[in-house]
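To start, the structure itself, in structure tokens.
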Amino acid sequence: MSVNKRLEALGIVLPKPLGAGALYTPVKQSGTTLYVSGQIPLVDGKPAYTGKVGNERTLEEAQQAARICIYNMLSAVQDYVKDLDKVKGVLKIFGLVQSDNGFDKQHLVINVASQILIDVFGDEGWHARSAVGTNQLPMNVTVEIEGIFELK
């Protein structure tokens, strides 16, 4: 099944690509590898989730933030390659979760993003991954995720 058909079956409508918010490019290609800059939970140009998980945000809210990050990432990749069926698979994602002291479930936050990629790309969606807690993220967002994809 094509990636676009999987997105449709999953009820996922990708947002408009965000573009760069500073001095970087959203996607950089080297050979058949795409490096996707960190994506944050922006909706209509504004942070949808800010604050630390474990204090200001719940686990479920952080998971929703991760979902938005991955949708934004897929949108950036689609904008770059024009057709997500050109993607062979996902190599790695790196997730950062703005966390309060004592919050140790960053892996559960980023699991949501991983599951979406597996659902969208099938077996080629399985990837290496890091899920890290941090004390602060740009614009006080709750989650940021970057990725590495391989093209066919």
Review point. Step by step, would you call Gln78 with Leu14 a side chain to side chain contact (heavy atoms under 4.5 Å, CB included)?
Key: CA-CA 9 Å; Gln78 180 174 286; Leu14 297 179; 3.7 Å; yes
Check your understanding: So which heavy atom on Ala66 is nearest to which on Ala113, and how close?
Key -> O-CB, 4.3 Å
Review point. Within a radius of less than 6.0 Å around NZ of Lys16, do more than 12 heavy atoms belonging to other residues, nucleotides or ligands occur?
Key: no
Check your understanding: Out of curiosity, Lys28 NZ to Thr33 OG1, how far, rounded to the nearest 0.5 Å?
Key -> 13.0 Å
Review point. If two hydrophobic side chains count as joined below 4.5 Å and joins carry through other members, does Leu74 share a cluster with Tyr35?
Key: no
Review point. Do you reckon Leu151 sits in the same ILVMFWY cluster as Phe149, going by side-chain contacts under 4.5 Å, direct or chained?
Key: yes
Check your understanding: Given side chains that start at C-beta, do those of Glu124 and Val87 come closer than 4.5 Å, heavy atoms only?
Key -> no
Check your understanding: With side chains defined as the heavy atoms from C-beta onward, is the minimum distance between Asp83 and Asn4 less than 4.5 Å?
Key -> yes
Exercise for review: Return yes if a side-chain donor-acceptor contact under 3.5 Å exists between Gln98 and Asn140, otherwise no.
Suggested key: yes
Point to revise | Hphob cluster co-occupancy, Val109 + Ile116, side-chain heavy atoms under 4.5 angstrom | key: yes
Check your understanding: Is any side-chain heavy atom of Ile148 closer than 4.5 Å to a side-chain heavy atom of Val36?
Key -> no
Check your understanding: Looking only at heavy atoms, what is the nearest atom pair of Val112 and Arg67, with distance?
Key -> CG1-NH2, 3.5 Å
Check your understanding: Lys92 and Glu146: side chain to side chain contact (heavy atoms under 4.5 Å, CB included), yes or no, with the steps?
Key -> CA-CA 8 Å; Lys92 181 173 183 174; Glu146 65 180 47; over 6 Å; no
Check your understanding: Taking side chain as C-beta onward, heavy atoms only, is Leu34 less than 4.5 Å from Val77?
Key -> yes
Practice item. For the residue pair Pro47 and Met139, establish whether any side-chain heavy-atom pair is separated by less than 4.5 Å. Key: yes
**Study point:** Exercise: identify the closest heavy-atom pair between Ser2 and Asp85
**Key:** CB-OD2, 3.3 Å
Check your understanding: Pick from Ile12, Leu10, Leu7: which one makes a side-chain contact (heavy atoms from CB on, under 4.5 Å) with Asp119?
Key -> Leu10
Check your understanding: Say you draw a straight line from CD of Glu8 to CE of Met1; how long is it, rounded to the nearest 0.5 Å?
Key -> 9.5 Å
Check your understanding: Quick one: are Ile40 and Pro138 in side-chain contact, heavy atoms under 4.5 Å?
Key -> no
**Study point:** Criterion side-chain contact (heavy atoms from CB on, under 4.5 Å) against Val97, the qualifying member of Thr134, Ile145, Ile110, Val132
**Key:** Ile110
Study note, to complete from the structure: To the nearest 0.5 Å, atom NZ of Lys105 lies from atom CD of Gln63 at 11.0 Å
Practice item. Walk me through it: do Leu108 and Leu59 pass the test side chain to side chain contact (heavy atoms under 4.5 Å, CB included)? Key: CA-CA 8 Å; Leu108 297 179; Leu59 171 62; 4.1 Å; yes
**Study point:** Spacing of CG belonging to Leu42 relative to CD1 belonging to Ile68, to within rounding of 0.5 Å
**Key:** 9.0 Å
Review point. Which heavy atom in Ser75 sits nearest to a heavy atom in Pro15, and how many Å separate them?
Key: OG-O, 2.6 Å
Check your understanding: Are any of the side-chain heavy atoms of Val53 and Asp100 separated by less than 4.5 Å?
Key -> no
Review point. Any side-chain donor paired with an acceptor under 3.5 Å for Gln115 and Asn111?
Key: no
Exercise for review: For the residue pair Gln64 and Tyr49, confirm or rule out a side-chain donor-acceptor distance under 3.5 Å.
Suggested key: no
Check your understanding: For Ser114 and His127, which heavy atoms make the closest approach, and how far apart are they?
Key -> OG-NE2, 2.8 Å
Review point. So how far is it from Lys52 NZ to Ser99 OG, rounded to the nearest 0.5 Å?
Key: 8.5 Å
**Study point:** Glu61 versus Thr142, side-chain donor and acceptor atoms under 3.5 Å
**Key:** no
Review point. Going from CG on Asn55 to CZ on Phe103, what distance comes out if it is rounded to the nearest 0.5 angstrom?
Key: 11.5 Å
Check your understanding: Taking C-beta and beyond as the side chain, do Lys88 and Lys152 meet within less than 4.5 Å on heavy atoms?
Key -> yes
Review point. Is there a path of hydrophobic side-chain contacts, each under 4.5 Å between heavy atoms of I, L, V, M, F, W or Y residues, that connects Ile70 with Leu18?
Key: no
Review point. Are Phe94 and Tyr71 grouped together when hydrophobic residues (ILVMFWY) are joined by side-chain heavy atoms under 4.5 angstrom apart?
Key: no
